[in-house]
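Every heavy atom of this structure was used, including side-chain atoms; hydrogens, water molecules and symmetry mates were not.
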Amino acid sequence: MTTMEMESSKFNIDAPRWDQSTFVGRLKHFFNITDPRTALVSEQELDSAKLLVDSCRAGSVPPGTSIEQLHYAKKLYDSAFHPDTGDKMNLIGRMSFQVPGGMAITGCMLQFYRTVPAVVFWQWVNQSFNALVNYTNRNAASPITLTQIGVAYLTATSTALATAVGLNLYTKKAPPLIARWVPFAAVAAANCVNIPMMRQQELINGIAVTDENDNKLGHSRKAAIKGISQVVISRIAMAAPGMILLPILMERLEAFPFMKKIRFLHAPLQVMLAGGFLLFMVPVACSLFPQRCSMPVSSLELELRESIVKQYGEQIRYVYFNKGL
C-alpha cells in the first residue's frame, strides 16, 4: 500500500475541508460546491461519486484512490445530493444551477420591465424557479405536503406580481432608474413570503435539533425561525448587487450612441452581466451564515429546554440544526 493509499484509507470524508466557523472558510466551501460546472456532470459520474463517498464513510476506500479523487467526489456529492436525506436533488433546484438559471431569469427581468405583461411573465418564471430551489434546499427532516407546496407557490407568486405590477404602475412618472429597480423590490418581497411558506412545517412543528454529535434532542420552532430568517437574508443578498447595480450600469451604457444601435443585444448583455454577479454572489450569500446553525439551549422553548436539562443536565449548552440554503 502506497503512502497516498494509506492516507486515503484514513480520510474522514465528512470533515470540513475548510473551517466552517469563519466566513472565509465557508466562502471557499461554497465556491467549491456551487461551481456551475458541476451542473454539467453526468448522472453516472454523480452516482459514482456517491458510491465513493459512501465507501469512504464505511471505511473501505477502493485501492488506488487518491486524496484528490476523494475531494472531488465529495464536491460532486455536496453539489448534487441533499445533506439530510442523501437523495439526489433535481438539477434546477441545486445551488450549482443558480448561476446559469438565475442569470437568464435575472437578465430578462431587468430588461423587460416596461410593460405589465412582461413584468407578470418574468416574475412568474422567477417565482416558479425560486419555489423549486426553496423546496429542493429545505430542511428535509420536516416533510411538506403537495397542498402546502401549492399554497406557498401561489402566495409567493401573488406577492411578487402584486409588488411588481403595483410598483410598475406607481413609477410610471418616476425617473427611469427607479422603474428599473422594481424587479428587485418584487424579488425581495417574494423571498420574504416564498421561503417561510415553503418551509411552514418547520415553523409549525419545529426544526429537528441535535447535540454536537448529531444526537437528536427534539424540535424547536425558535430554531426554525432563526434558520429561515437567515436563509431569507441570504437570498435577498444573493440578488441585491446584480439587481441594484446592473440597472445603474445599463442606464449609463444605454446613453452611448453605439448602444442605441444594438438594442437587440441589450437582453443578452444583461444576462451575461447578471451571470457575472451571480458567479460571486451565490457563494458569498450562502456563506453569510453557517449551514449547520447553532443556538444556545437557554434560547429554546421552555418545554424543550427542560427536556434537555432533565436528560443531560448542563452538559449540552448549544443545539445544532441544518438551516437549509
Side-chain angles (χ1 to χ4, degrees), residues 34 95 97-134 137 152-153 155-198 228-255 266-289 325:
T34 63
M95 278 297 162
F97 194 77
Q98 276 288 302
V99 173
M103 66 187 281
I105 296 170
T106 301
C108 289
M109 281 195 296
L110 294 175
Q111 177 64 26
F112 305 111
Y113 66 93
R114 293 180 176 85
T115 66
V116 172
V119 168
V120 169
F121 176 74
W122 285 109
Q123 285 295 332
W124 168 73
V125 171
N126 185 53
Q127 287 313 308
S128 299
F129 177 66
N130 283 345
L132 186 55
V133 171
N134 294 338
N137 293 282
Y153 171 66
T155 305
T157 303
S158 301
T159 302
L161 294 180
T163 304
V165 173
L167 289 176
N168 185 269
L169 296 173
Y170 183 73
T171 58
K172 286 292 184 183
K173 296 180 180 179
L177 183 59
I178 300 299
R180 286 177 179 265
W181 281 331
V182 167
F184 173 67
V187 166
N191 270 324
C192 292
V193 174
N194 196 336
I195 297 169
M197 287 294 292
M198 192 62 74
I228 292 171
S229 298
Q230 290 182 351
V231 172
V232 171
I233 293 169
S234 295
R235 291 296 183 79
I236 294 174
M238 191 183 294
M243 298 191 81
I244 292 174
L245 298 178
L246 254 184
I248 298 173
L249 179 61
M250 290 302 296
E251 187 87 355
R252 300 284 177 85
L253 288 175
E254 288 174 3
H266 288 193
L269 176 61
Q270 292 220 63
V271 167
M272 295 304 296
L273 290 173
F277 277 103
L278 286 172
L279 191 63
F280 290 94
M281 284 312 301
V282 170
V284 167
C286 289
S287 305
L288 292 179
F289 308 100
L325 287 175

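Residues that satisfy the side-chain hydrogen bond (donor to acceptor under 3.5 Å, both in side chains) test with Q123, not counting sequence neighbours, are absent from this structure. By the side chain to side chain contact (heavy atoms under 4.5 Å, CB included) test, S229 is found to be paired with I225, residues two or more places apart in sequence or in another chain being considered. Checked against side chain to side chain contact (heavy atoms under 4.5 Å, CB included), V116 has the following partners two or more places apart in sequence or in another chain: V120, V165, N168, L169. By the side-chain hydrogen bond (donor to acceptor under 3.5 Å, both in side chains) test, Q98 is found to be paired with no residue, residues two or more places apart in sequence or in another chain being considered. Taking L132 as the reference, N90, I92, T136 meet the side chain to side chain contact (heavy atoms under 4.5 Å, CB included) condition, with sequence neighbours excluded.
Sorted by first then second residue, the salt bridge (Lys or Arg N to Asp or Glu O under 4.0 Å) pairs that include residues 239-253, not counting sequence neighbours, are R180-E251. Counting only residues at least two apart or in different chains, side chain to side chain donor-acceptor pair (under 3.5 Å) contacts with residues 268-277 comprise Q111-Q270.
For the residue pair V232 and P196, the shortest heavy atom distance occurs at CG2-CD, 4.2 Å. Nearest heavy-atom pair, T163 versus A186, reported as atom, atom and distance to 0.1 Å: CG2-CA, 3.8 Å. Shortest non-hydrogen contact noted between A240 and F184 is CA-CE1, 3.5 Å.
Rounding to the nearest 0.5 Å gives a distance of 9.5 Å between OH of Y153 and OG of S158. A distance of 10.5 Å separates OG1 of T106 from CE of M238, quoted to the nearest 0.5 Å.
Residues L253 and L269 have side chains in contact (heavy-atom distance under 4.5 Å, counting atoms from C-beta outward). Side-chain atoms of C192 and I236, non-hydrogen and from C-beta on, do get closer than 4.5 Å to each other. Residues V119 and V182 form no side-chain contact, since every pair of their non-hydrogen atoms from C-beta on lies 4.5 Å or further apart. Residues F129 and F97 form a side-chain contact, since some pair of their non-hydrogen atoms from C-beta on lies under 4.5 Å apart. Contact annotation: the side chain of C108 never approaches that of I105 to less than 4.5 Å [non-hydrogen atoms, C-beta and beyond].
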Residues 243-250, side-chain donor-acceptor partners within the protein, below 3.5 Å, at least two apart:
none

Show me the donor-acceptor pairs within less than 3.5 Å that the side chains of residues 271-286 make with the rest of the protein, sequence neighbours left out.
none

F289 vs V231, test: side-chain contact (heavy atoms from CB on, under 4.5 Å). Steps then yes/no.
CA-CA 8 Å; F289 308 100; V231 172; over 6 Å; no
